S.K.: 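Below is one structure. I have some questions about it.
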There are 2 protein chains.
Amino acid sequence: MFNRELVKGSTSLLVLQLLTERDMYGYELVKEMDNRSDHNFQIKEGTLYPALHKLEKQEYIECYWEKQTKGPARKYYRITTEGQSILDEKTSEWYRYVQVMNSLIRRNES
Amino acid sequence: MFNRELVKGSTSLLVLQLLTERDMYGYELVKEMDNRSDHNFQIKEGTLYPALHKLEKQEYIECYWEKQTKGPARKYYRITTEGQSILDEKTSEWYRYVQVMNSLIRRNES
DNA sequence: TCATAATACCTCAATATTCTAGGTAGGTGA
DNA sequence: TCACCTACCTAGAATATTGAGGTATTATGA
């Protein structure tokens, strides 16, 4: 697991990115991030649900309920057109951020 | 400038790294980060000074005053041995974090 | 001379995100 | 029946950052 503060702010980027692949529900997103990151990103439900609600309010994602024959109903989320373009922005911001950070922390081992 | 939240948690890493090059004072660190990052990391004094105090309390850095013939005295910081080893940890954490993030956000453009 | 700006330190309230710890409810298996 | 998993949720505490303010010294230019 990473430092809590370091990871702050990357949740929305990850959620939007995963939703470009397929519609997903909250509980699924938690498990998916955990699995795909080899347990490095163990985002908690207490973090994800409020984050989803904010993204929905911003109209970057939208939701629909799907009843299950087995188990509780699921609230699926799908990314909107606006969400897609915000994702593009966030993604390029991420790459710029990494580039700047790397140039700053790379040891001057001459 | 980057998103406020994305950058959270990288301040201590940057401070420790810069101090491996030479001892610096707070005001200098602010300007230095701004310059080196092409104005992408405009860390504010209200962020840096408390961050320095925390690092000092953790004994990752230590300070000494230096009077100037011109202008106000400067509080210089130097990295400690413990700070150096924490920096190593934080640096490798950073690289792991970037790797995991990249593997998650890289579009599956097959 | 006097006002302004730069240097150099500092604190505090507001904001945003995350986590911990709880809660509700449906369904499964021993 | 009881424990567990699925699946949703919220509230309070902790943390980092920022904006806005403060103090003090020195330099600059009108």
Side-chain angles (χ1 to χ4, degrees), chain A residues 1-16 23-35 37 39-58 60-61 63-77 90 97 101, chain B residues 1-16 23-35 37 39-58 60-61 63-77 90 94 97:
Chain A
M1 273 295 288
F2 296 120
N3 179 288
R4 178 205 281 231
E5 295 303 324
L6 188 61
V7 173
K8 243 177 192 173
S10 47
T11 302
S12 56
L13 170 57
L14 290 176
V15 167
L16 291 175
D23 295 0
M24 287 178 149
Y25 54 100
Y27 193 78
E28 186 183 14
L29 281 162
V30 172
K31 305 294 174 192
E32 195 71 15
M33 287 196 210
D34 182 49
N35 282 331
S37 70
H39 317 297
N40 280 297
F41 270 71
Q42 292 175 330
I43 191 172
K44 302 303 182 301
E45 293 183 43
T47 304
L48 186 69
Y49 288 115
L52 286 170
H53 299 156
K54 191 184 173 192
L55 288 170
E56 194 186 356
K57 202 174 173 188
Q58 292 170 310
Y60 299 160
I61 60 176
C63 73
Y64 55 95
W65 284 94
E66 229 175 54
K67 279 172 197 154
Q68 304 298 307
T69 50
K70 294 182 172 187
R74 296 170 176 172
K75 199 176 183 179
Y76 275 90
Y77 289 92
K90 280 179 181 288
Y97 169 55
M101 275 292 289
Chain B
M1 276 296 286
F2 297 119
N3 179 288
R4 177 205 282 231
E5 295 302 325
L6 187 61
V7 174
K8 243 177 192 175
S10 46
T11 301
S12 57
L13 170 55
L14 291 176
V15 167
L16 291 175
D23 294 1
M24 286 178 147
Y25 54 99
Y27 195 77
E28 187 183 13
L29 282 162
V30 171
K31 305 295 175 191
E32 195 71 16
M33 288 196 209
D34 182 50
N35 283 332
S37 70
H39 315 298
N40 280 298
F41 271 71
Q42 292 174 330
I43 191 172
K44 302 305 181 300
E45 293 183 43
T47 305
L48 186 69
Y49 288 115
L52 286 172
H53 299 155
K54 191 184 173 192
L55 287 171
E56 194 186 353
K57 202 174 172 187
Q58 292 171 312
Y60 299 161
I61 60 177
C63 73
Y64 54 95
W65 283 94
E66 228 174 57
K67 280 174 195 153
Q68 303 297 306
T69 50
K70 296 181 172 188
R74 296 168 176 172
K75 199 176 184 179
Y76 276 88
Y77 289 93
K90 279 179 181 287
W94 162 256
Y97 168 55

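Throughout, protein chains are lettered first and strands after them, A, B, ... in sequence-line order, and every chain is numbered starting at 1. Owing to the predicted nature of the structure, the values given are computational and were not obtained by experimental measurement.
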S.K.: Which part of the nucleic acid, if any, lies within reach of A/Ala73 when heavy atoms closer than 4.0 Å are counted: base, sugar-phosphate only, or nothing?
M.R.: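 Sugar-phosphate: the residue A/Ala73, judged by heavy atoms under 4.0 Å, touches backbone atoms but no base.
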S.K.: Can you list the residues that meet the side-chain hydrogen bond (donor to acceptor under 3.5 Å, both in side chains) rule with A/Thr11, with sequence neighbours excluded?
M.R.: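 None.
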S.K.: Strictly below 4.0 Å: does A/Tyr49 bring a side-chain N or O up to OP1 or OP2 of D/dC9?
M.R.: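 Checking D/dC9 against A/Tyr49, no side-chain N or O comes under 4.0 Å of OP1 or OP2.
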S.K.: Please classify the nucleic acid contact of B/Glu45 as base, sugar-phosphate, or nothing, using heavy-atom distances under 4.0 Å.
M.R.: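 Base: the residue B/Glu45, judged by heavy atoms under 4.0 Å, touches a nucleobase.
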S.K.: Can a side chain N or O of B/Lys54 be found less than 4.0 Å away from OP1 or OP2 on D/dA16?
M.R.: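 B/Lys54 to D/dA16 OP1/OP2: side-chain N or O found under 4.0 Å.
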S.K.: To the nearest angstrom, how far is A/Leu29 atom CG from D/dC9 atom P?
M.R.: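 Whole-Å distance recorded here is 12 Å.
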S.K.: Figure out the CG/P separation between A/Leu48 and D/dC8, and round it to whole Å.
M.R.: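 In whole Å, D/dC8 P lies 9 Å from A/Leu48 CG.
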S.K.: Among D/dC9, D/dT15, D/dT18, which nucleotide sits nearest the side chain of A/Lys8?
M.R.: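 The nucleotide sitting nearest to the side chain is D/dT15.
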S.K.: In whole angstroms, how far is the C1' atom of D/dA16 from the NZ atom of B/Lys90?
M.R.: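 After rounding, the reported distance stands at 12 Å.
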S.K.: Using whole Å, what does the distance between atom P of nucleotide D/dT25 and atom CH2 of B/Trp65 come to?
M.R.: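 B/Trp65 atom CH2 is separated from D/dT25 atom P by 12 Å.
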S.K.: Has B/Thr11 got a side-chain N or O lying under 4.0 Å from the OP1 or OP2 atom of D/dA16?
M.R.: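 It does not, given that no N or O in the side chain of B/Thr11 lies less than 4.0 Å from OP1 or OP2 of D/dA16.
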S.K.: Need one value for A/Arg4: base, sugar-phosphate or nothing, where a base atom within 4.0 Å counts as base even if backbone is also close, heavy atoms only.
M.R.: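 Base contact - A/Arg4 has a heavy atom under 4.0 Å of at least one base atom.
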S.K.: What distance separates A/Glu28 CD from A/Asp23 CG, expressed to the nearest 0.5 Å?
M.R.: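 Taking CD in A/Glu28 and CG in A/Asp23, the distance rounds to 9.5 Å.
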S.K.: Could you tell me the boundaries of the chain B footprint on DNA chain C, defined by atoms under 4.0 Å from its heavy atoms?
M.R.: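 Nucleotide range in contact with chain B: C/dT7 to C/dT17.
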S.K.: Starting at OG of A/Ser12, measure out to CG of A/Leu52 and round the result to the nearest 0.5 Å.
M.R.: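 Taking OG in A/Ser12 and CG in A/Leu52, the distance rounds to 10.5 Å.
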S.K.: For B/Ser10 and for B/Thr69, find the nucleotide of DNA chain D with the closest heavy atom, then tell me which residue's nucleotide is more 5'.
M.R.: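 Its nearest nucleotide being more 5', the pick is B/Ser10.
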S.K.: Can you name the nearest heavy-atom pair linking A/Lys67 to A/Ala73, along with the distance?
M.R.: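 Scanning both residues completely, I find the closest heavy atoms to be CA-CB, 4.1 Å.
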S.K.: For A/Leu6 and B/Lys90, run side chain to side chain contact (heavy atoms under 4.5 Å, CB included): C-alpha distance rounded to whole Å, both residues' side-chain angles, the deciding distance at 0.1 Å, then the answer.
M.R.: CA-CA 10 Å; A/Leu6 188 61; B/Lys90 279 179 181 287; over 6 Å; no
S.K.: Using whole Å, report how far NZ of A/Lys75 lies from C1' of D/dT10.
M.R.: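 These atoms are roughly 13 Å apart.
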S.K.: Could you tell me if the side chain of A/Tyr25 sits less than 4.5 Å from the side chain of A/Tyr64, heavy atoms only?
M.R.: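 A side-chain contact is absent here, since even the closest heavy-atom pair is not under 4.5 Å.
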S.K.: Under 4.0 Å between a side-chain N/O of A/His53 and OP1 or OP2 of D/dT10, yes or no?
M.R.: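 It does, given that an N or O in the side chain of A/His53 lies less than 4.0 Å from OP1 or OP2 of D/dT10.
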S.K.: Tell me whether the side-chain N/O atoms of B/Thr47 come closer than 4.0 Å to OP1 or OP2 in D/dA16.
M.R.: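 No, B/Thr47 has no side-chain N/O under 4.0 Å of OP1/OP2 on D/dA16.
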S.K.: Between B/Phe41 and B/Phe2, does the ring centre distance come in under 6.0 Å?
M.R.: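 Between B/Phe41 and B/Phe2, the centre distance is under 6.0 Å.
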S.K.: B/Lys44 NZ to D/dG19 P: how many Å, rounded?
M.R.: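 Rounding to the nearest Å, NZ of B/Lys44 and P of D/dG19 are 5 Å apart.
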S.K.: Quick one: are A/Glu56 and A/Gln58 in side-chain contact, heavy atoms under 4.5 Å?
M.R.: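 SC-SC contact between A/Glu56 and A/Gln58 ruled out.
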S.K.: Looking at every strand, decide which applies to A/Gln68 at a 4.0 Å heavy-atom threshold: base, sugar-phosphate, or nothing.
M.R.: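 Contact class for A/Gln68: none.
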S.K.: In whole angstrom, what separates A/Asp34's CG from D/dT6's P?
M.R.: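 It works out to 12 Å between those atoms.
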S.K.: Calculate the interatomic distance between B/Leu6 atom CG and D/dT17 atom C1'; express it in whole Å.
M.R.: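 Distance, rounded to whole Å: 13 Å.
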S.K.: So what does A/Gly71 hit on the nucleic acid, given a heavy-atom distance under 4.0 Å: a base, only sugar-phosphate, or nothing?
M.R.: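 The answer is sugar-phosphate, as A/Gly71 gets under 4.0 Å only of primed atoms, P, OP1 or OP2.
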